[in-house]
Each structure stands twice: as C-alpha cells, then as structure tokens.
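As a basis for the values below, the full set of heavy atoms in this structure was taken, side chains included, without hydrogen atoms, waters or symmetry mates. Just so it is clear, the model here is predicted, and its values are computed rather than measured.
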Amino acid sequence: MLDLERDLELARQHGRWLSDDEHRTLEQQRLHQRKLLILLGVCVLLPPLWPLALALTLFLLFPETSRRLAVGVGVGVAVVGIGATLLIAAVLVALLMAIF
C-alpha cells in the first residue's frame, strides 16, 4: 500500500501517471544522485580531493553542461597530446638527420 501511495504522489507531482520505464529511470537517477552526493561529502572532507568535489558539485548542479564540457576538454586533451607527440617526433627526426 505504501508503494501505491508513493506512486500516486509521484503522479500528482508530474501531472500524470508514470510508465514503468519512466518510474525505473527516475529511481535510477535518484540513486545515482544520492551516490554522487555521498562521494561529494567524502571529497569535501579530504582537502586533496577538493578539485574533485568542485567538479562533482558542478556536475550535480549542471549535468548536461558538465557532460558537454567534459567531452570538449577530453577532445582538447587528445588533440594536444597527439600534437605534442607529432612535434616530439619531428624534433627527434630533425636531430637524427642533423647528427647523421
């Protein structure tokens, strides 16, 4: 009976009755958010992890923007890494050609 009352309250909040898939997705999001909040609490307590705490805070507040930003930063890091590798290879080849 308690689950039915909770489902009815959720339906009132959303203005309609949720499908099973929507209800499952909502519960998974709540569980994921709860885990992130616990991790955030642990990170705040440990000073070396404060940058991670800041990142988690931004992710919890702005999930879509944080995902886009993370993808952009990841692509940027990959491009810089590939560029640095190519530059080092070019310098190495130039040095080897100068020696021989």
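- Cluster membership check: Leu37 shares its hydrophobic cluster with Leu52, using side-chain heavy-atom separations under 4.5 Å among Ile, Leu, Val, Met, Phe, Trp and Tyr.
- Interatomic distance, Phe62 CZ to Arg68 CZ, rounded to the nearest 0.5 Å: 13.0 Å.
- Leu36 is listed as a side-chain neighbour of His32, based on a closest heavy-atom distance under 4.5 Å.
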Intermediate values then yes/no, side-chain contact (heavy atoms from CB on, under 4.5 Å), Gln28 and Leu31: CA-CA 5 Å; Gln28 287 174 349; Leu31 181 63; 5.7 Å; no
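- For the pair Leu56 and Cys43, the tightest heavy-atom approach, listed with the atom from each and the gap, is CD1-SG, 4.2 Å.
- Side chains of Gln29 and Leu26 form a contact here, defined as non-hydrogen atoms less than 4.5 Å apart.
- When hydrophobic clusters are built by joining Ile, Leu, Val, Met, Phe, Trp and Tyr residues whose side-chain heavy atoms come closer than 4.5 Å, directly or via intermediates, Val91 is not grouped with Ile99.
- Rounded to the nearest 0.5 Å, atoms CG (Leu40) and CG (Leu49) are 11.0 Å apart.
- Rounded to the nearest 0.5 angstrom, Phe59 CZ and Thr65 OG1 are separated by 11.0 Å.
- Salt bridge Arg24/Glu27: absent, no basic N to carboxylate O contact under 4.0 Å.
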